[in-house]
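By convention here, the first residue in the shown sequence is residue 1. Heavy atoms only: backbone and side chains are in, while hydrogens, waters and symmetry mates are out.
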Amino acid sequence: MTGRVLVVDDDPTVAEVVARYLARDGHEVECVADGNQALARALAQPPDLVVLDLMLPGIDGLQVCRRLRETSAVPIVMLTALGGETDRLVGLETGADDYVTKPFSPRELALRVRSVLRRAQGSFAPAGGAPLRDGDLVVDVAAHEAARAGEPLALTAREFDLLAFLLRNPRQAFTRDQLLEKVWGWSFGDSSTVTVHVRRLREKIEDDPTTPRRIMTVWGVGYRYEPVDA
């Protein structure tokens, strides 16, 4: 799965290495070095995916991510400092789909980009099939669209995959590690990623995210989806 990738990093060496690996994978790559330029390019000619460093001149990566999320669901893979758990969590809260910590393997980044693009472009969706429904919530996996009460939901690729997976498996409790493997495709990783995405999903599909009725916390285990149409 290839596409147009905007790489945003003010370190020319990092940007060059990332661009070379992504181009080798068949992507069309453009590099910019500051936050303001990244926003201008992403809005003028929307890419298929953004690789976004947190530390940037002008406006930082979190602000770029936040502003992009106001108008776009473009997949975002964020580059964060090694050990910067707070940065990773804030980045995911802001709307990033995935993250890679520095120093990183360019090959790992290229694989993450391919994975996020594949999910965003719906290549995991089965051909045909009826949309998934629960009350006023409708998820059309084949069309990669979701709506609640007739209003489209602005979901990132990972949020969409997580919601579709939970809808397909109602009343089944999953641990965070199980969700990380089944939805993200990671055999290991930071399970707080799941926690953040559940929190973001609740904000979009629950009447009161602080008292959820659909995505329930199973204490000591993880989460399960409780249909409102039961």
Salt bridge or not for [X] and [Y], using N-O below 4.0 Å?
| X | Y | answer |
| --- | --- | --- |
| K182 | D161 | no |
| D136 | R214 | yes |
| E226 | R171 | yes |
| D97 | R200 | no |
| K102 | D9 | yes |

Keeping [X] on the side-chain end and [Y] on the backbone end, is there a donor-acceptor pair under 3.5 Å?
| X | Y | result |
| --- | --- | --- |
| R202 | I205 | no |
| R158 | D98 | no |
| E159 | H197 | no |
| D140 | P131 | no |
| R168 | L163 | no |
| H27 | R4 | no |

Residue pairs passing the side-chain hydrogen bond (donor to acceptor under 3.5 Å, both in side chains) test where at least one lies in residues 28-44, sequence neighbours excluded: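 Sorted pair list: E30-R41, R41-Q45.
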
All pairs passing side-chain hydrogen bond (donor to acceptor under 3.5 Å, both in side chains) where residues 54-68 contributes a residue, at least two apart: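 The answer is none; no pair qualifies.
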
Distance-only donor-acceptor check, side chains R176 and T195, under 3.5 Å: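 Indeed, the side chains of R176 and T195 share at least one donor-acceptor pair under 3.5 Å.
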
Euclidean distance, [Y] [atom2] relative to [X] [atom1], rounded to 0.5 Å:
| X | Y | atom1 | atom2 | answer |
| --- | --- | --- | --- | --- |
| T217 | R224 | OG1 | CZ | 9.5 Å |
| Y99 | L54 | OH | CG | 12.0 Å |
| Y225 | N169 | OH | CG | 12.5 Å |

All side chain to side chain contact (heavy atoms under 4.5 Å, CB included) counterparts of R107, not counting sequence neighbours: Y21, D25, S105, A110, L111, R114

Steps toward side chain to side chain contact (heavy atoms under 4.5 Å, CB included) verdict (V139, F160): CA-CA 8 Å; V139 176; F160 185 94; 3.7 Å; yes

